[in-house]
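Positions are given from 1 along the sequence.
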Amino acid sequence: ASVSEVRALTLDFSWFSPFALDRIPLMVKDGIWLGHDHRYRDVYWNPKAVRNAHMAVLGPPGSGKSTLIRSVILRAAEYYRRSQGYAPLFLIVDPAGEYQEIAKDLGGEIVSMLERKVNPLLLEGASPHERAKFVAEMMKYLKGLKGEEVSALKEAILEAYTNAGINPYEPSTWFAGYDRAVTFSTVYAILVRKLRESLGKPMEPVYRSLVDKLLDIAEGARAFNRTDLTVDELFRRGGVLCLSFRDRAGAMSDDLQRVVVWTVLQQVRDRLLSTNVQEDLRVMVVIDEAHRFVALGKIVEGGIEVKIEPPLSLHLRDTRKFGASYVLITHKPEDMPPGTIDLVGTLIVMSHPNNAYAEWAQTYLGLTESQKNALLAGGIGTGFMITTEDPRPLFVRFAPEKKALVRDAVADRMRALRRS
């Protein structure tokens, strides 16, 4: 759609008083065009103009989140082609299967994570010690590993690398492709051997617990026992890729979904860091139902409950260090762990006529009563935007790209009902 066609869809502000907002934030004049504020001024999102390129989009179903995300992807691709000479890779993490049609509409591909397996132990620019630590900490979160179990798992991983010809202290061996042979199955075999060797010894309970806790990760139809999908392939494909976790037989478990998502994001991050990518945006990751991947884990050790941060939360703490932007989408803002939203550079809260939701937004964002009323009455495709550089809420009527508009709302609704 031309700019004039799109703007024609967005300029009806007769319902809205310019005095409904008490504070007028400063506005960025360059970047990815989002729409207009209540004074008809263009509103842009520039990842380089905020603390980091991460964004959270919150709002109940039907508030316009999907259309906004489609438009951001389309315009981001065009903006970076024009300003930087390339388009980023767009990864859509789709736990509930709600974004497959969106990806297809954007000319993207569906990548079934039930058919294509990732390997959490691929190095992808990290050292063996770094990858062993990441995997052990990920299992600590998912499986509640205790201190001795974490250490024993790291030792087993390093042994698996050594057996495959990778010397943890010799970088020349890290890039020879030997890591494709190191999987959870090979690590699990080492743990089983160590369990047999430790029978009747102090370490027997540690290895027995590890073998029990990691069984579903290492064995079975959905185990991480081979290398199918790599970061290289993702970058070679480029464009818009939707990671799907459902097929006719059902959905991948939440724990296994987390392993896939955290593995892909960590390996993308390590690959970008190893190639010295700094501020230029190379990957935009759109994560639906984001609360699944940022919730704090808990274990009880020594009678004390310990909270564990998931890998994605740690990534959000990075600023513009590795060329990735995470766009977190969730229906229920209260599902997001405390402090998570504070880690993103840009927050968008969509309008919706739900009082409990508006009251949450008023409390969390510090909205005035008139701003709260604007959130309730704004209608589909409007909302408030806040950035770290200017925390004053800015009301925006988001302008949809023509390609981003839902082609057939009835058909989309029927697909959602069939999935449920």
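Side chain to side chain, Gln100 and Ser244 meet the donor-acceptor criterion of an N or O pair below 3.5 Å. Counted by atom type alone, His129 and Lys154 present zero donor-acceptor pairs between their side chains at under 3.5 Å. Side chain to side chain, Gln362 and Glu369 meet the donor-acceptor criterion of an N or O pair below 3.5 Å. No side-chain N or O of Thr387 forms a donor-acceptor pair with one of Glu389 less than 3.5 Å apart.
No side-chain heavy atom of Phe90 sits under 4.5 Å from any side-chain heavy atom of Leu241.
The neighbour count for Leu114 CG, taken as heavy atoms of other residues, nucleotides or ligands under 6.0 Å away, is above 12. Other residues, nucleotides and ligands place no more than 12 heavy atoms under 6.0 Å from the NZ atom of Lys133. No more than 12 heavy atoms of other residues, nucleotides or ligands shown are found within 6.0 angstrom of OH on Tyr178.
Taking the six-membered ring for Trp and the full ring otherwise, Tyr141 and Trp262 have centroids separated by under 6.0 Å.
Ring orientation note: the planes of Phe384 and Phe395 are nearly perpendicular, at an angle over 60° on the 30°/60° scale. Using a 30° and 60° split on the angle between ring planes, Trp33 and His36 fall in the perpendicular class, above 60°. Relative ring orientation between His315 and Tyr326 is described as parallel, the plane-to-plane angle staying below 30° on a 0-90° scale split at 30° and 60°.
Across every non-hydrogen atom of Leu142 and Val259, the tightest pair is CD1-CG2, 3.2 Å.
Going from atom CG of Leu376 over to atom OG of Ser351 covers 8.5 Å, rounded to the nearest 0.5 Å.
Both tests pass for Arg282 against the ring of Tyr86: distance under 6.0 Å to the centre and angle within 45° of the axis.
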